[in-house]
Amino acid sequence: MFNKRIKIKELLTADKVNFDATVMGWVRTFRNNQFIALNDGSTNNNLQIVTGLGVFDEKILKRLTTGACIKVTGEIIASLGKGQKVELKAATIEILGDSDAEKFPLQPKKHSLEFLREIAHLRFRTNTFSAIFRVRHSLAFAVHKFFNDKGFVYLHTPIITASDAEGAGEMFRVTTLPLDGSALKNEDGSINYKDDFFGRSTNLTVSGQLEGELAAMAFSDIYTFGPTFRAENSNTTRHLAEFWMIEPEVAFNDLEDNMNLAEEFIRYIIKYAMEQNKEDLEFLAQRLTEEENQKPLVERSEMSLLDKLNFVVNNDFERLTYTEAIEILRESNHNKKKKFNYLIDGWGVDLQSEHERYLVEKHFKKPVILTNYPKDIKSFYMRLNDDGKTVAAMDILAPGIGEIVGGSQREERLDKLTQRMSEMHIPEEELNWYLDTRRFGACPHAGFGLGFERLVQFVTGMGNIRDVIPFPRYPKSAEF
RNA sequence: UCCUCCUUAGCUCAGUUGGUUAGAGCAUCUGACUGUUAAUCAGAGGGUCUCCCGUUCAAGUCGGGAAGGGGGAGCCA
């Protein structure tokens, strides 16, 4: 019965006193040789444990260092001090795991996020990161709850794929062939994969969409939620080499249905986290406010984190076409005064980050859904509109993060799809299995991909995506 | 990958026009105090100034290069 303990969250919220309890957790601070702040990860709030003077052996008290793991039994009483309602009057203290105070890197003080990133294996034990990862958990749980409640099938698409025609980015190769140059070669010098594990060239997936579409042609409504890999040499605050993506794919949906689903989905999971993780989000909001106060006035955001989340939950996203967006940007004073690094003058070019930020943060001041992009700047599978020059694509842009969702109505017409593929030099034989969905019982359908970490960034207010995934992978970094 | 800034104690930082023995706060250790809330007070220990090369009588400080990190851009989610 070692594990018969009460979680600290339960003790602090129950408000009950005068009963015996066993708690286990990690020492945050030991103040005044008398007060232990104990945390077990169930909440950001610590339980105050009072040792009393002269009750315990000096040898035990010396081992109550920051980071040590302990088991304490005693009576829960109404706190004699201010700052907490209840506290535990210790009867027994058992050290489960010592923590050498001279070597343990976390101190009862503020640490920089950069430093904590170097000790990612220990940063869970800080207030900020335990709050972030509890919120991340709730958001992940809400993803499944949202789709399950709507009757979607959770589809596990493969991590290892043979397709190299998805066009979503550079891929990591998967192989068991020797790296020393002794691998079998073709006559033209290229690698012969005949002896490789799968007998062909394989990669880590960059998207589960194409496989998701196959299943949507049977279940109607499916979603994927899994790891995704991009070998791009991206060094930014919003890119990872390994990230988690949510990709619903829905038969019989058109572009508007797709936007409605994405909007409802985002609102739902944010609202869920706000209900489940109120204290964590209040803590993160406070952290962000303090951080913002270090910045010059003009750079500070007008709304607090909680106001921003409430605003998103309670207001419709702004929807407009690419063409309308170009018009707004072209007519903006910002453009006329030549404040953009890339001035808007014509139709057809892709929007730069600065343009997206202008639309979202300056012009509309809310999340924006941009639709119907020029076909030449979008993927082959997006449905061609009747104008012959735009496709039924949609991107959702969030304040401070940028693109959080990319989606489209898919091209279900076989002739149009194969024509696009040949224009973009995508070999049909690579995607025969995909084209079969257009050959046998094709139907209008749509879907999108949502970058989970970007959503976690938005909800927690964290500026760097490397701080919202437990063990971030990015160029030159695969520690832990 | 490009632009830009940074790298000094365990952490966060200061360090003047190049000049004796490189400083502070926090943390750690020792002691005092004892209802504290990142406790307080006193004292102590703690440094290959990221690395390599160069300029100079003399380099933490100037120049070149490398590595690592931050911010921005591109690619995207």
Side-chain angles (χ1 to χ4, degrees), chain A residues 28-37 45-54 61-62 65-67 77 79-84 87 89 99-119 126-127 166-170 206-209 224-247 262 295 299 341-342 350-357 377-379 395-398 401-407 448-458 463-469 474-477 479:
Chain A
R28 285 290 174 82
T29 65
F30 182 38
R31 284 186 294 269
N32 222 340
N33 223 19
Q34 212 182 151
F35 303 100
I36 305 165
N45 298 314
N46 302 321
L47 176 68
Q48 171 151 293
I49 292 170
V50 186
T51 64
L53 286 171
L61 298 182
K62 281 265 181 261
T65 53
T66 300
I77 57 170
S79 178
L80 303 177
K82 289 172 188 165
Q84 60 279 315
E87 61 193 22
K89 195 176 166 196
S99 175
D100 185 338
E102 293 198 57
K103 291 178 184 154
F104 187 59
L106 292 173
Q107 305 155 7
K109 59 167 281 192
K110 205 177 185 84
H111 289 291
S112 67
L113 295 173
E114 292 80 17
F115 172 65
L116 292 171
R117 214 170 286 150
E118 290 171 15
I119 50 165
T126 64
N127 286 331
E166 291 166 45
E170 287 295 311
V206 293
S207 163
Q209 180 200 318
T224 73
F225 182 9
T228 311
F229 308 88
R230 304 270 167 95
E232 306 284 349
N233 192 5
S234 297
N235 293 287
T236 77
T237 53
R238 56 191 185 283
H239 287 89
L240 290 166
E242 176 182 291
F243 64 101
W244 289 66
M245 189 151 67
I246 296 142
E247 297 177 285
K295 294 186 193 165
E299 288 176 29
N341 288 322
Y342 293 87
D350 208 351
L351 298 179
Q352 304 287 315
S353 281
E354 55 176 345
H355 305 132
E356 296 180 350
R357 293 188 74 120
I377 58 174
K378 287 292 180 183
S379 305
D395 282 0
I396 301 184
L397 311 175
I401 313 285
E403 187 175 345
I404 196 164
V405 164
F448 62 84
L450 181 144
F452 185 57
E453 282 75 18
R454 289 190 183 170
L455 187 84
V456 180
Q457 265 190 288
F458 182 74
N464 194 320
I465 201 165
R466 297 167 185 177
D467 293 331
V468 299
I469 188 167
Y474 48 94
K476 301 283 177 295
S477 183
E479 194 70 31

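Here the structure is a predicted model, which means the values were calculated and not measured. We use all heavy atoms of the structure for the numbers below, so side chains are in, but hydrogens, waters and symmetry mates are not. Naming convention: chains lettered A, B, ... in sequence-line order (proteins, then strands); numbering from 1 in each chain.
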Listed partners of A/Lys110 passing salt bridge (Lys or Arg N to Asp or Glu O under 4.0 Å), at least two apart
A/Glu290
Going by the rule side-chain hydrogen bond (donor to acceptor under 3.5 Å, both in side chains), which residues pair with A/Gln84 if we only count those two or more places apart in sequence or in a different chain?
A/Ser79
In whole Å, I'd like the distance from the CD atom of A/Glu356 to the C1' atom of B/C76.
10 Å
Any A/Leu106 side-chain heavy atom under 4.5 Å of A/Ile119 side chain:
yes
Tell me the interatomic distance from A/Asp100, atom CG, to B/C29, atom C1', rounded to whole angstroms.
11 Å
Does the side chain of A/His111 come within less than 4.5 Å of A/Thr126's, by heavy atoms?
no
Can you check whether A/Thr29 has a side-chain N or O nearer than 4.0 Å to OP1 or OP2 of B/A39?
yes
Say we look at B/A27 and B/U20: how far apart would their C1' atoms be, to the nearest angstrom?
31 Å
For nucleotides B/G23 and B/U61, find the distance between their C1' atoms and express it as a whole number of Å.
15 Å
Pairing residues for A/Thr236 by the side-chain hydrogen bond (donor to acceptor under 3.5 Å, both in side chains) criterion, not counting sequence neighbours:
A/His239
Mind checking what makes salt bridge (Lys or Arg N to Asp or Glu O under 4.0 Å) contact with A/Asp395, not counting sequence neighbours?
A/Lys378
Please evaluate the base of B/A77 for a donor-acceptor partner in the side chain of A/Arg230 within a cut-off of under 3.5 Å?
yes
Between B/C49 and B/U8, how many Å separate the two C1' atoms, rounded to a whole number?
4 Å
Quick one: side-chain hydrogen bond (donor to acceptor under 3.5 Å, both in side chains) partners of A/Arg117, sequence neighbours excluded?
A/Asp467
Contact letters for nucleotides 68-73 of chain B, in which S counts primed atoms plus P, OP1 and OP2 and B counts the base, heavy atoms under 4.0 Å:
S-SSBB
Dot-bracket for RNA chain B, 5' to 3', Watson-Crick and G-U pairs with both distances under 3.5 Å, [ ] for crossing pairs, | for partner on another strand, reads (((((((..((((.....[...)))).(((((.......))))).....(((((..]....))))))))))))....
Only counting residues at least two apart or in another chain, list the ones meeting salt bridge (Lys or Arg N to Asp or Glu O under 4.0 Å) with A/Arg357.
A/Glu361
How long is the line joining NE2 of A/His111 and P of B/C13, in whole Å?
13 Å
Residues in side-chain hydrogen bond (donor to acceptor under 3.5 Å, both in side chains) contact with A/Asn233, at least two apart in sequence or another chain:
A/Asn235
Mind checking whether A/Arg454 and A/Ile465 have side chains closer than 4.5 Å, heavy atoms only?
yes
For B/U16 and B/C33, measure between their P atoms and round to the nearest Å.
44 Å
Check whether any side-chain heavy atom of A/Leu455 lies under 4.5 Å from a side-chain heavy atom of A/Ile404, and answer yes or no.
yes
What pairs of nitrogen or oxygen atoms, one from the protein and one from nucleotides 7-10 of chain B, lie under 3.5 Å apart?
residue	atom	partner	partner atom	Å
B/G10	N2	A/Gln107	OE1	3.0
B/G10	N2	A/Gln107	NE2	3.2
B/G10	N3	A/Gln107	NE2	3.2

Answer whether the closest heavy-atom distance between the side chains of A/Leu113 and A/Asn464 falls below 4.5 Å.
no
Phosphate oxygens OP1/OP2 of B/A39: is one of them under 4.0 Å from a side-chain N or O of A/Arg31?
yes
Report the distance from atom CD of A/Glu453 to atom P of B/A77, rounded to the nearest whole Å.
14 Å
A/Asp395 CG to B/A77 P, straight-line distance once rounded to whole Å
7 Å
Going by heavy atoms in the side chains, are A/Arg230 and A/Phe243 under 4.5 Å from each other?
yes
A/Leu61 CG to B/A39 P: how many Å, rounded?
16 Å
First encountered from the 5' end of RNA chain B, between A/Gly83 and A/Ala101:
A/Ala101
Of all residues at least two apart in sequence or in a different chain, which pass the side-chain contact (heavy atoms from CB on, under 4.5 Å) check with A/Glu118?
A/Phe115
A/Glu232 atom CD is separated from B/C2 atom C1', nearest whole Å, by 15 Å
C1' spacing across the pair B/A77 / B/A39, given as an integer number of angstrom
47 Å
Taking CZ from A/Arg28 and C1' from B/A38, how many angstroms apart are they, rounded to a whole number?
12 Å
Which atoms of nucleotides 31-35 of chain B (N or O only) lie under 3.5 Å from a protein N or O atom, and what are those distances?
residue	atom	partner	partner atom	Å
B/U34	O2	A/Asn32	O	3.0
B/U34	O2	A/Asn32	OD1	2.1
B/G35	N1	A/Glu87	OE2	2.9
B/G35	N2	A/Gln48	NE2	3.4
B/G35	N2	A/Gly81	N	3.1
B/G35	N2	A/Glu87	OE1	2.6
B/G35	N2	A/Glu87	OE2	3.1

Describe the nucleic acid contact of A/Ile246 in one word from base, sugar-phosphate, nothing, applying a heavy-atom distance below 4.0 Å.
nothing
Roughly how far apart are A/Trp244 CH2 and A/Glu242 CD, rounded to 0.5 Å?
8.0 Å
